[in-house]
Each structure stands twice: as C-alpha cells, then as structure tokens.
Amino acid sequence: MTQRTRIETVTFTRPFRLGGFEVELPAGEYCVETDEELLQDISFPVYKRVMTLLHLREDPKRPGRKQTLTIDPEELEAALKRDKAPLEAPAEP
C-alpha cells in the first residue's frame, strides 16, 4: 500500500488543551505530521488518514527530550478555531 506523510506547522496564540489530555499546552508553533495511505481499487487517487501526530516543543528543563502525541485531527481543528475566536469580555457585576 502506498503511504504519504504531510507535515504542517500550526500556531496557537493562547495556551490550549486537546481532548483526552489533561495537560494544558503552551501557546506557540507546533509541528503536525499526518500519515495517509492510498486506497486501492478506486478509479482516482484517494488517501485515507491513518494517524496524526503533534510534536510537542522541547521542555527547557529537559533539553534533548522530545514528546509526540497521537491526536484526533478534528480535535486539533476545534482547538485552532477556539484559539482564533475572540476572547469573551468578563461579565460585569
């Protein structure tokens, strides 16, 4: 089966969370890697997403140690939309 990998950089302007992970991640740029495989027996090329990885930024307290999370791409899209939405003004008493 033919496989391809797409790599993109996403930017968060505010700290964020992804479903399934308790830790809040800091704002900044993150590398997202998506593996896809070519579906066979179709008259035109169609790729199916197999896995999406979010590469975490290196912790300055632990240089050289890198972490990667397997994520749901729909949750990533939702987190990016929340990040781009304007902040709500605090309610006045």
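Numbers for residues simply follow the sequence, beginning at 1. Only a predicted model underlies this, so the values are computations on that prediction, with no experimental measurement involved.
Using modelled atom types, no side-chain atom of R57 and backbone atom of Y30 make a donor-acceptor pair closer than 3.5 Å. For R4 (side chain) and L38 (main-chain N/O), no donor-acceptor pair under 3.5 Å exists by modelled atom type. Counting only distance, with no hydrogens or angles, the side chain of R6 and the backbone of E36 share no donor-acceptor pair below 3.5 Å.
With values rounded to the nearest 0.5 angstrom, R82 atom CZ is found 8.0 Å from F12 atom CZ. The distance from the CD atom of E74 to the CG atom of L18 is 13.0 Å, given to the nearest 0.5 Å.
Shortest non-hydrogen contact noted between R14 and P86 is NH1-C, 4.5 Å. In plain terms, the two heavy atoms of D83 and T13 that are nearest each other are OD2-N, 2.9 Å.
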>> I'd like to know whether D41 forms a side-chain contact (heavy atoms from CB on, under 4.5 Å) with L39, so could you lay out the CA-CA distance, the side-chain angles of the two residues, the decisive distance to 0.1 Å, and finally the verdict.
In response: CA-CA 7 Å; D41 302 325; L39 298 179; over 6 Å; no
>> As a quick check of understanding, evaluate side-chain contact (heavy atoms from CB on, under 4.5 Å) for K66 and H55, giving each step before the final call.
In response: CA-CA 8 Å; K66 297 182 180 187; H55 297 276; over 6 Å; no
> Yes or no on side-chain contact (heavy atoms from CB on, under 4.5 Å) for F21 and L69, after CA distance, side-chain angles and deciding distance?
Replying inline: CA-CA 9 Å; F21 300 104; L69 301 176; 3.8 Å; yes
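Just one residue in the list T9, L53, T52 forms a side-chain contact (heavy atoms from CB on, under 4.5 Å) with V32, and that residue is T52.
Note on L76 and M51: separate hydrophobic clusters, where clusters join Ile, Leu, Val, Met, Phe, Trp and Tyr whose side-chain heavy atoms are under 4.5 Å apart, directly or indirectly.
The number of heavy atoms from other shown groups lying within 6.0 Å of CD (E8) is above 12.
Between E33 and D35 there is a side-chain heavy-atom pair separated by less than 4.5 Å.
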